[in-house]
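What follows is a single structure, written as structure tokens, with notes after it.
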Amino acid sequence: MGFCFESSVVQPKVAEIEWRDDQLTMAFKTFDTDNDRKLSKRELKEAFKYLGSHCSRFRGARALKYADQDNDGFVDLSNSELSKLVTYANNCGYKVV
């Protein structure tokens, strides 16, 4: 006996996995468009847009407030500020699709 599934269409499921720390680190570094080894609020906005944020301007501002330890208005990619930025992004729950 055979079964006919002509009326059934199977939709593929998109796998979603969390970003690893090293992936987020590299992603953020690619948004340093002026190569000053720092991320500005504008660069953070673009990075969070890439990660899938629906409110990337808000998310970038919050990330800057969270990670900018010396209050210079930038996230320094060469010290612990980058690590704090990655932690912040992980806590937001972004997924790779």
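Residues meeting the ring pair (Phe, Tyr, Trp, His ring centres under 6.0 Å) test with F31, sequence neighbours left out: Y50. Partners of R62 under the side-chain hydrogen bond (donor to acceptor under 3.5 Å, both in side chains) rule, at least two apart in sequence or in another chain, do not exist in this structure. Under the salt bridge (charged side-chain N to carboxylate O under 4.0 Å, His left out) criterion, D34 pairs with no residue, sequence neighbours left out. In terms of the side-chain hydrogen bond (donor to acceptor under 3.5 Å, both in side chains) criterion, E46 has no residue partners (sequence neighbours excluded). With sequence neighbours left out, the side-chain contact (heavy atoms from CB on, under 4.5 Å) criterion links K41 to A61, L64. Qualifying side-chain hydrogen bond (donor to acceptor under 3.5 Å, both in side chains) partners for D36, counting only residues two or more places apart in sequence or in other chains: none. T25 meets the side-chain contact (heavy atoms from CB on, under 4.5 Å) test with K29, L82, V86; sequence neighbours excluded. Taking N91 as the reference, nothing meets the side-chain hydrogen bond (donor to acceptor under 3.5 Å, both in side chains) condition, with sequence neighbours excluded. Residues forming a side-chain contact (heavy atoms from CB on, under 4.5 Å) with E18 (at least two apart in sequence, or on another chain): K95.
Here the closest non-hydrogen pair linking A63 and L85 is CB-CD1, 3.7 Å. Closest approach of Y94 to G52, counting heavy atoms only: CE2-C, 4.1 Å. When all heavy atoms of Q23 and R20 are compared, the closest pair comes out as OE1-N, 2.8 Å.
Within the structure, every pair that satisfies the ring-ring contact (aromatic ring centres under 6.0 Å, His included) test and touches residues 57-87, not counting sequence neighbours, is listed here: Y66-Y88. Screening residues 68-79 for salt bridge (Lys or Arg N to Asp or Glu O under 4.0 Å), with sequence neighbours left out, gives K38-D72.
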Exercise. Carefully, step by step, assess T33 and R42 under the rule side chain to side chain contact (heavy atoms under 4.5 Å, CB included).
Key: CA-CA 10 Å; T33 55; R42 181 187 55 76; 3.6 Å; yes

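Judged by distance alone, with hydrogens and angles left aside, the side-chain atoms of S56 form no donor-acceptor pair with the main-chain N or O of S53 at under 3.5 Å. Side chain of Q69 to main chain of S80: no donor-acceptor pair is present (N/O by atom type, distance under 3.5 Å, no hydrogens or angles).
Rounded to the nearest 0.5 Å, atoms CG (L24) and CG (L51) are 6.0 Å apart. With rounding to the nearest 0.5 Å, the separation of CG in L77 from CG in L39 is 4.5 Å. For the atom pair SG (C92) and CZ (F48), the distance works out to 6.0 Å, reported to the nearest 0.5 Å. Rounded to the nearest 0.5 angstrom, R59 CZ and H54 NE2 are separated by 10.5 Å.
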